[in-house]
Amino acid sequence: MPLKTVASCDVKRLEILSADGRLDKKLMPKVSNALLLTMYRLMFQIRKFDERAVLLQRSGRLGTYPMITGQEATQCVPPLCLQPSDWVVPTYRGGGVYFARGMSMRYALLYWAGDDRGTRFPEGNNDMIFSIPVGTHLTQVAGLAWGQAFKGQGGVALTYCGDGTSSKGDLHEALTFAGQFKLPAIYIIENNGWAISVPRSRQAASPTLAQKAWGYGVAGIQVDGNDALAVYAATASAVARARKGGGPTLIECETYRMGHHTTADDATRYRNEKDVETWRRKDPLARMRTFLTARALWDAAKEAALAEQTRTWIDVEVKAYEEHPAPNPLNMFADNYATAPRALIEQRAELEELLKFKGGARILTELPAAEGRFP
Amino acid sequence: MPLKTVASCDVKRLEILSADGRLDKKLMPKVSNALLLTMYRLMFQIRKFDERAVLLQRSGRLGTYPMITGQEATQCVPPLCLQPSDWVVPTYRGGGVYFARGMSMRYALLYWAGDDRGTRFPEGNNDMIFSIPVGTHLTQVAGLAWGQAFKGQGGVALTYCGDGTSSKGDLHEALTFAGQFKLPAIYIIENNGWAISVPRSRQAASPTLAQKAWGYGVAGIQVDGNDALAVYAATASAVARARKGGGPTLIECETYRMGHHTTADDATRYRNEKDVETWRRKDPLARMRTFLTARALWDAAKEAALAEQTRTWIDVEVKAYEEHPAPNPLNMFADNYATAPRALIEQRAELEELLKFKGGARILTELPAAEGRFP
Amino acid sequence: MTIASKPAATQVLNLVSAVNQALDQALAKDSRVMLLGEDVGRNGGVFRATEGLWAKYGERRVVDTPLAEIGIMGSAIGLAVSGMRPVAEIQFDGFLPSVFDQVVCHLGRIRSRSRGRLSVPLVLRAPHGGLIHAPEHHSESPEAYFCHTPGIKVVIPSTPYDAKGLLLAAIEDPDPVVFFEPKLLYRSAKGEVPTGYYTLEIGKARVVKEGRDLTLLTWGAMTVTCERAAERLEREDGASIEIIDLRTLTPLDIDAVLGSVEKTGRCVIAHEAPNTGSWAAELSALIGERALLKLLAPVARVGGWDIRMPLFRLEPYYIPDADRIVLAARKTLNF
Amino acid sequence: MTIASKPAATQVLNLVSAVNQALDQALAKDSRVMLLGEDVGRNGGVFRATEGLWAKYGERRVVDTPLAEIGIMGSAIGLAVSGMRPVAEIQFDGFLPSVFDQVVCHLGRIRSRSRGRLSVPLVLRAPHGGLIHAPEHHSESPEAYFCHTPGIKVVIPSTPYDAKGLLLAAIEDPDPVVFFEPKLLYRSAKGEVPTGYYTLEIGKARVVKEGRDLTLLTWGAMTVTCERAAERLEREDGASIEIIDLRTLTPLDIDAVLGSVEKTGRCVIAHEAPNTGSWAAELSALIGERALLKLLAPVARVGGWDIRMPLFRLEPYYIPDADRIVLAARKTLNF
Ligand SMILES: Cc1ncc(C[n+]2csc(CCOP(=O)(O)OP(=O)(O)O)c2C)c(N)n1
Ligand SMILES: Cc1ncc(C[n+]2csc(CCOP(=O)(O)OP(=O)(O)O)c2C)c(N)n1
Ligand SMILES: [Mg+2]
Ligand SMILES: [Mg+2]
């Protein structure tokens, strides 16, 4: 037995709805018309929201904000395959994921305004806030999925990381655990071509990121991340397999970050406008609109109505966001421990003293009531 | 374009000299008879050394010691593909690697006796001491290889890690860098079936560890790690490719840890003696002896002479090791910085004071001279 | 000493058996409890702390993991968030730095970051300290890194009784607890331990012995070294020495510390870590801040040197021994 | 201030430009110098610290790496061991925990472990501190973790002049230097900087202003806050305040610290990190050990609270401001 092949792998790429809106009927997943319309609505709304958030930041009414535009299909569709009790952990760019999970977007704005009260997800949802040190949540999600396995009710955990983040050792250890313990976990690599200024080609020197899965005995697939139907089909089948004890899946969604990295970034410093143009023609919304229109599920009037409804919704959310009074500084001491130790009781008193020093004795009654549990 | 294959990989396994000593002539690498004999001698000597080290430990003359037996081919052969100026970083079990690099084994004993003076490699060799926190050297070796690329003289860096260690995120980041920058690095996974009590099957749920390479755009191959000729062929071709700027290679050497994890471990608690028996029939020395004998390069007289010579050599090394006087405690302050800061000068003086307190004023002159640079 | 419920029956155990018994009783009592780590399963742990538990509770609850510490720590966090009570083992103190990222960025932050919605009730067990003739990175005392990190608790017992009661309390604790086990004492520390389930309050120091002239403040295996030093100081110097074993490093039992030092006016803090920036620095600073006028001498620290610990042949000259403590105590007594 | 060679020509630079100029001149002077990190190349760094250097020195010497901090740190160590002079950037303080494993287990140990045969002449650059309205993990002050780790040096300038001179010294240093850059000061701190190449001695504090009644001991961006507090204390309380900017945390300029505190008898240490177990604890302990009899009041520490730092809207209530320093100084003055 000389030089023999001991293992082989083909990595597949799934595309169902082409950039110009043509459908591969054989691959079309079973999706109700209502769900198709939901996908489009979510993508539409989050794009408008994204645009408004950037305007807010530009006019000094919001902190640094990471743009979503271009990645709506990758973000809004996978949550549609899940139950509220399934765990979801997106990245900091994952506003579309939280939105599709039902988050009230005033809180997303509050978060990006540097206010901890923005970390608020719908009651009953198993949503977790993203990790800012990228990738550090990936092994935690293995644990969340493991917890689901212990519960034995078919729950799963789904998470995202960027193409840049796929270079972190965290992904390696997470997939090692997920594969080893056959955890009901779905790992989506949101490959948007860039990690701030560093192109995808500067990460792993492999043609795809999906192929990493093989090294862990994990199912892996690449998907056109701007194709809502392909994202749906891949995620739904991964979730179904996971629920049945079939183990984890790694899904690479190839998409594109149409905007800057964040509002603090200037992408023209490092990338070519032409590349962006190429990707503009692969827009996830446009192709979905073409498709829905061809199916007679959509028309200009519906589009106009949705636009109007979205404007109103955003106005309401922005107003609610801006009406939040400044938080009480004492909030920060709440919920650091189930029961605050003596040192924190002393320190909180010191902060009270400082507040009085700054604003006089009345300040404590003028501030909004402190939130959270203390001690 | 529906579900299409976008990348494919076959992982090969290389075997040249079978367990019963039969050769696959087509795959036989160009190796001089002298080199074949060197391979056998190194493997023979390190096995005997290993056996003696265990005896020393059992009789209280050595600290905890990690056994090599069974892994001689994987350890002794790759260094034969290298120059002294190439960097080499084995694992703590890599006594055979250091030996093949020319290390004076009295120092290996000194090291496992808990004496820092044992960290001593031949002048002019680019050998680095292994890292005890397993895997933490892997990204460093990417840096060593990168340094070789900067020098531009065709140097390489070669390193090892265990099958257990292949689960650490360090390997992921190391291979990402090595692949991305096409570094002249050779990563050998010394898959000996066990990570202390944890079997290979409890690490990545992939059939091979070699296939991980694909996820980084790195060349990967699995090798019969008990087959010195296969190990040689795979390493030599990886080294040649690296020297020419062809980038890194991951080599999985499948071998077996015949002994306990270390002298502090009891493998009978967790593994079946039958499995060990199976592997005993794949012994790397036995098949090499059969092969050399068939080629008329070896016979019983030569074997006896080598055994005798080895006994003498080990006796000399053990004697030299045991003749080392207890080290001067002040040694520990040497070489922490190029120039010791004030705090260390004070602390060293405090240690002197302590020594005097313990042993009287004369103690400092009775101790061997302090070694190393200070301040 | 606070005891939730101290059953009558006791037996003599060493520290590692006390740990083992605590884990056993926690697994028996609460189905959410599970153990994970390298070699904790079939092999029963490299120190035998988990001996017998894999056979008794099965491989679902006593899990041999892949060799991947971020995986162990991160998945333990996820398990805890999702409602389990994981007890994760990192095999040696020296391998804890690989989980710092999880510890510093997440372990103590998730409760606050989620505004109290999520919590991380896990225990991170690791052996602690030196002098067992093991290789580099097997003799470390990394407590300062953890004590500087908000949101977690750091516990280190020095007797079998404390080990069992505090470990059970740590497992019950709604917040993450780093639980250090002095490996030098695993077999050498022996003592009466109640056979039943009991907890000891986290955050309470132990007065090892009372004294009037000088306080030895310590934790971990150094407690035993301090006992030896105190004996000698009492015999040779006629000094009356008080020894406080902190048992919990954070949250600190500041009352016990100040109470003793205000009484004696003299304090030596003994520990194994590199002295600069150690937990002893915090203790010394706190005493200076809160008891300055009671001090009859500077608070002295006796710790490891600020260098890489040498291999084990010289470890006894790196880690403070009774002689060093005696020397420091004499200077403090004669100040 | 120690200046190896101070050329005559100067220009007014902000701190980030001073860092940029130091890197530029180091790359020009020594072909072994190279930069690596995320976004340090084409993009010139997220703070523009490496602006223009990729174009000038090419992508071999100014390297955009994959997003993998262990990879950055580990390969920088390997590069340094093999004879290069790498300057590695970790993009934010809050991502440093992912390299602790390399830092604690290797960075400061390789020289000693190899008995002086190998050395690690690298610089690890990272922004430091808060108040720039950035998300969680972008406002951290993790210096205590590094200062407790033997074998490395920790430097943090607060002026453009110091930034350039100390960074060039760090790059020349034969041992690893962690170089923190106070990000609040990147653009706000401006000052005269010699245009040519110069180095400042690592390990020397700077007397920001002399005073008689109380010493403010500080580092990083807090130096500027201390200046504001001192102004107010002098104006409103008629107190004469001395400010010491440590500039180097390890090795510590103990003479400068003791010299000042022995003169004033009163000391407040101000810094941004969670106070418990911080570098301020070590300073306070040292002062207590070595200058107890000169103290007219307890050494006070003003630091961050021992909790997760809140998101940026409340950061100004977490990180000490001039008010908090004034309050602490008044208590110390009136003790
Ligand atoms: C561990 C860590 N390193 C660096 C950063 C700084 N940083 C923030 S976003 C980013 C790029 C992330 O790229 P990618 O993973 O592709 O996600 P994307 O931003 O494209 O969604 C970097 C380097 C970080 N947040 N965490
Ligand atoms: C980071 C780290 N975790 C745990 C250990 C403890 N430990 C020492 S050897 C070992 C098993 C290593 O297995 P493997 O990598 O297969 O190497 P082998 O011992 O088989 O040569 C473990 C877990 C360690 N040294 N470093
Ligand atoms: Mg990206
Ligand atoms: Mg192994």
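In what follows, every chain begins at residue 1, and chains take the letters A, B, ... in the order their sequences are listed.
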Student: Determine the minimum heavy-atom distance between A:G147 and C:L79, stating which atoms define it.
Tutor: N-CD2, 3.6 Å
Student: Under a 4.5 Å heavy-atom cutoff, which of C:I110, C:I152, C:L252 has the most pairs with chain A?
Tutor: C:I152
Student: When you compare the side chain of A:I188 with that of A:P78, does any pair of heavy atoms fall below 4.5 Å?
Tutor: yes
Student: In terms of heavy-atom pairs under 4.5 Å with chain A, which of C:P174, C:P251, C:P176, C:G151 leads?
Tutor: C:G151
Student: Under a 4.5 Å cut-off applied to non-hydrogen side-chain atoms, are C:I269 and C:C267 in contact?
Tutor: yes
Student: Look at C:G203, C:G83, C:P66 and state which one has the largest set of heavy-atom pairs under 4.5 Å with chain A.
Tutor: C:P66
Student: Taking atom OG of A:S166 and atom CG of A:L171, what is their separation to the nearest 0.5 Å?
Tutor: 6.5 Å
Student: Could you pull out the closest heavy-atom pair between C:V62 and C:L53, with the gap in Å?
Tutor: CG2-O, 3.5 Å
Student: Chain C heavy atoms under 4.5 Å from A:A145: which part of the residue, side chain, backbone, both or neither?
Tutor: neither
Student: What part of C:M73 lies closer than 4.5 angstrom to a heavy atom of chain A: side chain, backbone, both or neither?
Tutor: neither
Student: Given side-chain contact (heavy atoms from CB on, under 4.5 Å), test C:F146 with C:V103 step by step and report yes or no.
Tutor: CA-CA 8 Å; C:F146 293 89; C:V103 169; 3.8 Å; yes
Student: Take C:I171 and C:F179 through the test side-chain contact (heavy atoms from CB on, under 4.5 Å) and record every step on the way to the result.
Tutor: CA-CA 10 Å; C:I171 295 170; C:F179 193 85; over 6 Å; no
Student: At a heavy-atom separation under 4.5 Å, does A:A338 approach chain C through its side chain, its backbone, both, or neither?
Tutor: both
Student: Can you confirm whether C:V99 sits close enough to C:I72 that some side-chain heavy atom of one is under 4.5 Å from a side-chain heavy atom of the other?
Tutor: no
Student: Name the region of A:F181, side chain, backbone, both or neither, that has any atom closer than 4.5 Å to a heavy atom of chain C.
Tutor: side chain
Student: Check each atom of C:I254 against the heavy atoms of chain A and say whether the ones under 4.5 Å are side chain, backbone, both or neither.
Tutor: side chain
Student: Show the numbers, then the answer: is there a side-chain contact (heavy atoms from CB on, under 4.5 Å) between A:I186 and A:V156?
Tutor: CA-CA 8 Å; A:I186 295 94; A:V156 307; 4.1 Å; yes
Student: Scan chain A against chain C and return every donor-acceptor pair whose distance is under 3.5 Å.
Tutor:
unit_1	atom_1	unit_2	atom_2	d
A:T136	O	C:Q102	NE2	2.8
A:T136	OG1	C:H106	NE2	2.7
A:T139	O	C:S75	N	3.4
A:Q140	NE2	C:Q102	OE1	2.8
A:A149	O	C:R60	NH2	3.3
A:K151	NZ	C:S82	O	2.8
A:E173	OE1	C:I70	N	2.9
A:E173	OE1	C:G71	N	2.8
A:D335	O	C:S112	N	3.1
A:Y337	OH	C:G151	N	3.1
A:Y337	OH	C:I152	N	3.2
A:Y337	OH	C:I152	O	3.0
A:A338	N	C:D175	OD2	2.6
A:R342	NH1	C:D255	OD1	3.1
A:R342	NH1	C:D255	OD2	3.1
A:R342	NH2	C:D255	OD1	3.4
A:E346	OE1	C:R290	NH1	3.2
A:E346	OE1	C:R290	NH2	2.7
A:E346	OE2	C:R290	NH1	3.3
A:E371	OE1	C:R115	NH2	2.9

Student: Begin from the C-alpha positions of A:M128 and A:V88 and carry the test side-chain contact (heavy atoms from CB on, under 4.5 Å) through to its verdict.
Tutor: CA-CA 6 Å; A:M128 194 156 116; A:V88 176; over 6 Å; no
Student: Not counting sequence neighbours, which residues clear side chain to side chain contact (heavy atoms under 4.5 Å, CB included) with A:A204? List them please.
Tutor: A:S206, A:L209, A:K212
Student: Please look at C:I70 and chain A and tell me whether the side chain, the backbone, both or neither of the residue comes under 4.5 angstrom of a heavy atom of that chain.
Tutor: both
Student: Counting only heavy atoms closer than 4.5 Å, note whether C:P150 contacts chain A via side chain, backbone, both or neither.
Tutor: backbone
